[in-house]
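Residues: numbered from 1 along the sequence shown.
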Amino acid sequence: MTVVHEQDIARYVEQVRAALADLPPQLRDELTEDLPEHLAEVAAEGDGSLVDRLGSPEAYAAELRTAAGAAVPSARPNLDQRLAAARIDLRDRVRNADRTLGPLVGYARASEFLALLRPGWWVLRGYLVAVLITGSGGVIPRLGGSVVAGLVVLGAAVIGSIWLGRRSGGFRLWPRRAVHAGAFLLLLIAFVQVVQIDREARWDPYYPEPASYADPSGQISDIFVYDEQGRLVPNARLFDQDGNVIRLGDEWCWDEATQEGVQAVAGSYPHCPGDAPFTFRTDATPLPAGATPAPSGATPAPSDASPAPAGTPHR
């Protein structure tokens, strides 16, 4: 005994409508308006599939077309018919996947399991709406910096989302599509925010956001750090007591070879080692207490107390 299910009736109706896709929408709707009820009556009258009793959907559509006096379509399907056939094929594939994945989660169809998750999605949707309204980047929505106001918005959004979820099943086609489109937009925004949070979490803690330091004179363009032996320390980084990077200067220097400006490593000093105000030292001889490296381009005089700095002036 062949049992005709609601899905069989729905698929037959879809195939009939696909075969009539070249007709004006109003005429097609009139011809198929009572078709689901008629097919249900036919299925209840006896045994056999709908195809066995009524013929193929294409043949049934041809009978409807003839009864309405509509033009017979060409042998080659037009674009509307091909799109309708592709839509039916896609729905069939989704339904087959639904039945295939169902046993993996302990149900006949996976959609039955997903239906149990709807209340959770309604709550999550309300939360995402609250985050979007408040523009909060944290876990708890804040409105104008107020947690209380943010929680009020969150509660209202969740209640509204639950109300919408309980009633959206009765919506017509276009309102229901609008709800689905809004859900997709919310998920897209949530994905972008998760990516941003992950990017910030993976940010190297050695380079925190720069602190704001004003140069009173407005004339500091570079910082040169020397060790106790008078040697220039390359790639030095300066931090304040809170671990913020201290940045001064414009982080650009002039390359004499290329005659172009070169951007230095952000937060690293000196930007332009070639402009060091003191001579480079290559030895490890300590300087006497209170002594300073020789100015760049100068030749320090030898003395018993202070050996001459090694290296060649770069200027």
Side-chain angles (χ1 to χ4, degrees), residues 1-103 107-119 121-122 163-184:
M1 179 178 180
T2 303
V3 180
V4 179
H5 300 282
E6 293 183 1
Q7 291 183 351
D8 300 326
I9 295 176
R11 188 175 190 279
Y12 196 95
V13 173
E14 289 177 355
Q15 290 177 324
V16 171
R17 290 180 60 85
L20 300 174
D22 60 304
L23 298 179
Q26 183 177 359
L27 177 58
R28 183 175 63 249
D29 293 341
E30 292 177 358
L31 293 177
T32 59
E33 181 179 5
D34 300 325
L35 183 56
E37 292 79 5
H38 173 63
L39 295 179
E41 294 176 357
V42 172
E45 290 175 356
D47 190 17
S49 66
L50 294 176
V51 175
D52 295 336
R53 305 186 65 180
L54 299 176
S56 67
E58 292 74 17
Y60 191 89
E63 295 178 4
L64 293 177
R65 186 188 298 271
T66 302
V72 178
S74 60
R76 183 177 181 180
N78 60 19
L79 179 59
D80 291 336
Q81 291 174 322
R82 291 197 298 270
L83 290 176
R87 184 170 60 252
I88 293 174
D89 180 68
L90 177 60
R91 289 181 180 178
D92 289 341
R93 291 177 182 273
V94 171
R95 288 169 180 167
N96 291 335
D98 188 19
R99 289 191 293 267
T100 301
L101 297 176
Y107 290 85
R109 292 189 297 270
S111 57
E112 297 178 4
F113 172 73
L114 295 178
L116 300 177
L117 302 180
R118 286 177 182 172
W121 159 243
W122 298 340
W163 178 90
L164 179 63
R166 290 175 59 87
R167 289 162 177 77
S168 60
F171 288 174
R172 295 189 176 183
L173 180 61
W174 285 109
R176 188 165 62 251
R177 288 183 177 179
V179 172
H180 293 163
F184 175 77

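In this structure, OG1 in Thr100 is found 12.0 Å from CZ in Arg93, a value given to the nearest 0.5 Å. Expressed to the nearest 0.5 Å, how far CG of Leu54 lies from CG of Leu39 amounts to 6.5 Å. Between Tyr60 atom OH and Thr32 atom OG1 the span is 10.0 Å, to the nearest 0.5 Å. For the atom pair His38 NE2 and Leu50 CG, the distance stands at 9.5 Å (nearest 0.5 Å). Taking OG of Ser168 as the reference point, atom CH2 of Trp122 lies at 7.0 Å (rounded to 0.5 Å).
When every heavy atom of Glu58 is checked against every heavy atom of Ala19, the shortest pair comes out as CA-CB, 4.3 Å. The shortest non-hydrogen separation linking Arg95 to Gln7 is NH1-O, 4.4 Å. Between Tyr12 and Gly55, the shortest heavy-atom contact is OH-O, 2.8 Å. Across every non-hydrogen atom of Val16 and Ala61, the tightest pair is O-CB, 3.9 Å. Across all non-hydrogen atoms, the minimal contact from Leu101 to Ala110 is CB-CB, 4.0 Å.
Cation-pi geometry between Arg118 and Trp121 is not met at under 6.0 angstrom from the ring centre and within 45 degrees of the axis.
Checked against salt bridge (charged side-chain N to carboxylate O under 4.0 Å, His left out), Arg11 has the following partners two or more places apart in sequence or in another chain: Asp92.
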Verdict with supporting geometry, Leu27 and Leu20, side chain to side chain contact (heavy atoms under 4.5 Å, CB included) = CA-CA 9 Å; Leu27 177 58; Leu20 300 174; over 6 Å; no
task = Under the side chain to side chain donor-acceptor pair (under 3.5 Å) rule, what do Asn96 and Arg99 come out as? Steps first, then yes or no, please.
result = CA-CA 5 Å; Asn96 291 335; Arg99 289 191 293 267; 2.5 Å; yes
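Residues in residues 29-38 take part in these salt bridge (Lys or Arg N to Asp or Glu O under 4.0 Å) pairs, two or more places apart or across chains: Arg17-Asp29.
The closest donor-acceptor contact from the side chain of Arg176 to the backbone of Phe171 lies under 3.5 Å. Listed for the Ser56 side chain is a donor-acceptor partner under 3.5 Å among the backbone atoms of Ala59. Within the 3.5 Å criterion, the main-chain N or O of Leu23 finds no donor-acceptor partner in the side chain of Arg65.
By the 6.0 Å contact criterion, CZ on Arg167 is enclosed, its count of non-hydrogen atoms from other residues, nucleotides or ligands being greater than 12.
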